[in-house]
Novice: 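Before I ask anything, let me first share the structure, which is written out below as structure tokens.
Proteins get letters first, then strands, A, B, ... in listed order; numbering begins at 1 in each. Any value given below was found using the heavy atoms of this structure, including those in side chains, with hydrogens, waters and symmetry copies removed.
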Amino acid sequence: MTKSVLVGISGGVDSAVAAVILKERGYRVEGLYLRNGFPLVSEQNAAAIADRLGFPFHVLDISNPFRKDIVDYFAKEYLAGRTPNPCIVCNKKVKFRYLINEADRLGLDYIATGHYARVEMGKEGFRLLKGVDGTKDQTYFLFQLGQEELGRLIFPNGDRTKAQIRKIGKHLAIPSGKESQEICFIPDDNYRGFLESYPVTLPPPGNIVDTAGAVVGRHQGTHTVTIGQRKGLNIASSRPYYVLEINRGRNEVIVGRDEDQLSHGLMAANCSWISGTVSDRSFNARAYIRYRHRGVEAEITPLTGERVQVRFETPQKAIAPGQAVVFFEGDSLLGGGWIEGRFRDV
RNA sequence: UGGGGCGUCGUCAAGCGGUAAGACACAGGAUUUUGAUUCCUGCAUCCGGAGGUUCGAAUCCUCCCGCCCCAA
């Protein structure tokens, strides 16, 4: 009764090593590469890895849903003056969904990826825990997963460090691309250029104003800036300016000083919870307002309609609508939601 | 064309006879499975122009050019 698993192979070391670990643990491994329609060399790497490690390799073309659910969303958010997080949406709507679909179709028991996160069975169902390597923890990108996904998931890399993974990868002579990864469908990391080549109507140039309303510069379309941004504003001053807010209605970008970025809390919508439910009372947890954020103690107050109000113990900078806020209790990810806006004091 | 002030890196700005600080901006890199942030490095052989004084000037003198005030 050998257990079988479908590993999402991306072409990088992480997923390759995940497959290796599973093989060593005695799983019957098959690999799946999700072709998103944005040609990259990674598909060849993925095939080479499967070939080298000797397991069946499948390719599934998910170009259409990827374009519709991820790329269109990505562009739409920027045009609306928000800061999208395509990886989170992709994980929920594309990556893990199709991985599970294919596992079902192929008759495989589990699915696995190279994420740095852990799944554990608790008394209230499956729990999603931070990876042991705190610096590489990727649970932030997984907050929308639920019990159904977690029940099928294995994260072999979650209890290892990146250094250990690299070592195994090197030992296996896995073809390694460059380590840095940007948005997978924008290889040159130039999202502004990508938007400009995407079939959408871009916002026109407009004014950059300070907190007093004075015009201090010009922007080349609100989609070219994001909350918290400093570089590229082209405003010479005694101190740097940061983007505080994007006003699509007036087509203005509001900038201010470093301290103006501080917020006491935020409102988030479309929340989801790992356990499937959340108490209707306020509770305390550690809030993370972006990937690799150090986290801040906060009081979370659930509101109607899957919304929450979050108050920070200490003010936080650069709250960006469109980004996700997630909540932890220790190493356990409780859930999260999408940032709608910040508030400075109540 | 009477009086006064000022002209130093794209911007702001130190320096006031001893051989061009700093900040912002900008560029490149590092970090990063989102966007930012952060970090590192680079960035005026030259101080509006031309002469002069001096061992030596952005710093003193002369003239010119350009701004800005005040008064006509």
Novice: Does the ring centre of Tyr198(A) sit less than 6.0 Å away from the ring centre of His223(A)?
Specialist: no

Novice: Of the options U34(B), G35(B), C26(B), whose atoms approach the side-chain atoms of Tyr191(A) most closely?
Specialist: G35(B)

Novice: Quick one: side-chain hydrogen bond (donor to acceptor under 3.5 Å, both in side chains) partners of Asp61(A), sequence neighbours excluded?
Specialist: Ser63(A)

Novice: In terms of hydrophobic clusters joined by side-chain contacts under 4.5 Å, are Leu334(A) and Leu303(A) together?
Specialist: no

Novice: What's Tyr116(A) touching, base or sugar-phosphate or nothing? Going by heavy atoms closer than 4.0 Å.
Specialist: nothing

Novice: Give me the distance, rounded to whole Å, that separates G28(B) from A57(B) when you measure between the C1' atoms they each carry.
Specialist: 36 Å

Novice: Let me know the distance between CD of Gln323(A) and C1' of G35(B), rounded to the nearest Å.
Specialist: 5 Å

Novice: Got a donor-acceptor contact below 3.5 angstrom from the Tyr116(A) side chain to the Asp14(A) backbone?
Specialist: no

Novice: Looking across every strand, which nucleic acid part, if any, lies under 4.0 Å from Ala320(A) by heavy atom: base, sugar-phosphate, or nothing?
Specialist: base

Novice: Between Lys130(A) and Phe328(A), is NZ or CZ placed under 6.0 angstrom from the six-membered ring centre and within 45° of the ring axis?
Specialist: yes

Novice: How would you label the contact of Gly232(A) with the nucleic acid (heavy atoms, under 4.0 Å): base, sugar-phosphate, or nothing?
Specialist: sugar-phosphate

Novice: Of the nucleotides U11(B), U34(B), U32(B), which one has an atom closest to the side chain of Ala236(A)?
Specialist: U11(B)

Novice: Just to be sure I follow the notation: if a pair is Watson-Crick (purine N1 to pyrimidine N3 plus N6-O4 or O6-N4) or a G-U wobble (N1-O2 and O6-N3), each under 3.5 Å, what dot-bracket string does RNA chain B give, with | for pairs to another strand?
Specialist: .(((((((.[[[..)..(...]]].(((((.......))))).....[[[[[..)....]]]]]))))))..

Novice: Which residues pass the side-chain hydrogen bond (donor to acceptor under 3.5 Å, both in side chains) test with Asn36(A), sequence neighbours left out?
Specialist: none

Novice: Would you please indicate yes or no on a ring centroid separation below 6.0 angstrom for Phe327(A) and Tyr288(A)?
Specialist: no

Novice: Quantified in whole Å, what is the P atom distance between nucleotide U8(B) and nucleotide A14(B)?
Specialist: 11 Å

Novice: What N/O pairs connect the protein and nucleotides 37-43 of chain B at under 3.5 Å? Give each pair on its own line.
Specialist:
from, atom 1, to, atom 2, distance (Å)
U37(B), OP1, Arg230(A), N, 3.1
U37(B), OP1, Lys231(A), N, 2.9
U38(B), OP1, Arg230(A), NH1, 3.2
U38(B), OP1, Tyr242(A), OH, 2.6

Novice: Expressed as a whole number of Å, how far does the P atom of C60(B) sit from that of G7(B)?
Specialist: 11 Å

Novice: Of the nucleotides G35(B), U34(B), U33(B), which one has an atom closest to the side chain of Asp189(A)?
Specialist: G35(B)

Novice: With nearest nucleotide decided by heavy atoms, which residue, Ser237(A) or Gln138(A), maps closer to the 5′ end of RNA chain B?
Specialist: Ser237(A)

Novice: Test of understanding: with side-chain hydrogen bond (donor to acceptor under 3.5 Å, both in side chains), list the residues that count as partners of His219(A), not counting sequence neighbours.
Specialist: none

Novice: Which is true for Arg257(A) with a 4.0 Å heavy-atom rule: it touches a base, it touches only sugar-phosphate, or it touches nothing?
Specialist: nothing

Novice: Look at all strands and tell whether Leu233(A) reaches a base, only sugar-phosphate, or nothing, counting heavy atoms closer than 4.0 Å.
Specialist: sugar-phosphate

Novice: Salt bridge (Lys or Arg N to Asp or Glu O under 4.0 Å): which pairs involve residues 216-244 of chain A, sequence neighbours left out?
Specialist: Arg239(A)-Glu259(A)

Novice: Output the single nucleotide from A36(B), A25(B), U33(B) whose closest atom is nearest the side chain of Phe141(A).
Specialist: U33(B)

Novice: Grab the NE2-P distance between His293(A) and U32(B) for me, whole Å please.
Specialist: 18 Å

